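Please read these numbers as outputs of a predicted model, since none were measured by experiment. Any value given below was found using the heavy atoms of this structure, including those in side chains, with hydrogens, waters and symmetry copies removed.
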Amino acid sequence: QVPLVESGGGLVQAGGSLRLSCAAAGSIFSINAMAWYRQAPGKQRELVAAITSGGSMNYLESVKGRFTISRDNAKNTVYLQMNSLKPEDTAVYYCNARTPKIAYWGQGTQVTVSS
């Protein structure tokens, strides 16, 4: 069973939108936070957005007002709605789920924003 399954990446023009999804396997218990990271070629991985099981959220400053993270606890699924996309948003996006003892990572989904 794959721990985290991501979907929703693709190619979009600047100003467009994409919605990423990440479903955690039901066998993963006690998830206290889920998050989206991204990594562009030659760049450091950075935290884009995070949400706790209680609903607290954090965002990378450059995506505030454009991206929205949300969750469906019943489905162990986290979403990232990305609006007003910019070329600098181009990266591989990775889902992350954290438990008290271990963190899980998705396989990554490519987001490409053309100018």
Side-chain angles (χ1 to χ4, degrees):
Q1 188 175 22
V2 179
L4 302 177
V5 179
E6 301 180 25
S7 63
L11 174 64
V12 65
Q13 289 188 322
S17 298
L18 287 171
R19 188 189 191 221
L20 306 183
S21 298
C22 174
S27 59
I28 300 176
F29 299 109
S30 301
I31 295 174
N32 53 42
M34 298 187 77
W36 291 95
Y37 290 77
R38 68 187 183 188
Q39 187 166 24
K43 303 295 184 180
Q44 287 272 47
R45 183 192 68 185
E46 61 184 352
L47 176 65
V48 178
I51 187 167
T52 70
S53 59
S56 298
M57 293 171 282
N58 295 116
Y59 292 96
L60 181 68
E61 188 67 29
S62 63
V63 309
K64 287 182 178 178
R66 300 189 297 119
F67 291 11
T68 303
I69 190 169
S70 61
R71 82 213 185 282
D72 184 337
N73 287 332
K75 296 181 179 180
N76 267 0
T77 300
V78 65
Y79 306 92
L80 186 67
Q81 179 67 46
M82 304 185 293
N83 299 325
S84 301
L85 282 161
K86 303 175 180 180
E88 55 260 43
D89 296 318
T90 295
V92 177
Y93 284 69
Y94 296 93
C95 181
N96 174 269
R98 191 176 72 225
T99 72
K101 294 186 176 181
I102 193 170
Y104 298 88
W105 290 91
Q107 81 282 4
T109 184
Q110 177 71 47
V111 172
T112 302
V113 184
S114 64
S115 59

Indicate yes or no for a side-chain donor-acceptor contact from [X] to the backbone of [Y] under 3.5 Å, with no hydrogens or angles considered.
X: T109; Y: G9; result: yes
X: T90; Y: E88; result: no
X: Q81; Y: I69; result: no

Is there a chain of hydrophobic side chains (I, L, V, M, F, W, Y, each step under 4.5 Å between heavy atoms) that links [X] to [Y]?
X: V92; Y: L47; result: yes
X: V78; Y: V5; result: no
X: F67; Y: V12; result: yes

Specify the closest pair of heavy atoms between A24 and M34, including all atoms of both residues, with the distance to one decimal.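 Heavy atoms of A24 and M34 come nearest at CB-CE, 4.2 Å.
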
Closest contact, heavy atoms only, C22 versus L4: SG-CB, 4.0 Å

Find the distance between NZ (K86) and OG (S115) and round it off to the nearest 0.5 Å.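 Output value for this atom pair is 13.5 Å.
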
Between OG on residue S56 and CD1 on residue I51, distance to nearest 0.5 Å: 8.0 Å

Do [X] and [Y] make a side-chain contact, defined as non-hydrogen atoms from C-beta onward lying under 4.5 Å apart?
X: Q107; Y: E6; result: yes
X: L20; Y: M82; result: yes
X: S53; Y: I31; result: no
X: Y79; Y: D72; result: yes
X: Y94; Y: R45; result: no

With a cut-off of 3.5 Å and sequence neighbours excluded, list every side-chain donor-acceptor pair involving residues 35-42.
residue, atom, partner, partner atom, Å
R38, NE, E46, OE2, 2.7
R38, NH1, D89, OD1, 3.0
R38, NH1, Y93, OH, 2.9
R38, NH2, E46, OE2, 3.2
Q39, NE2, K43, O, 3.2

Can you name the side chain to side chain donor-acceptor pair (under 3.5 Å) partners of S17, sequence neighbours left out? N83

Trace of the side-chain contact (heavy atoms from CB on, under 4.5 Å) decision for Y59 with T68: CA-CA 8 Å; Y59 292 96; T68 303; 3.9 Å; yes

Could you tell me if Q110 and T112 have a donor-acceptor pair between their side chains, going purely by distance under 3.5 Å? yes

With side-chain contact (heavy atoms from CB on, under 4.5 Å) as the criterion, how do L18 and V111 come out once you've worked through the C-alpha distance, each side chain's angles and the decisive distance to 0.1 Å? CA-CA 8 Å; L18 287 171; V111 172; 3.8 Å; yes

Solution key, residues 95-106 side-chain donor-acceptor pairs under 3.5 Å, sequence neighbours excluded:
residue, atom, partner, partner atom, Å
N96, ND2, Y104, O, 3.4
R98, NE, N32, OD1, 3.4
T99, OG1, K101, N, 3.4
T99, OG1, I102, N, 3.0
T99, OG1, I102, O, 2.8

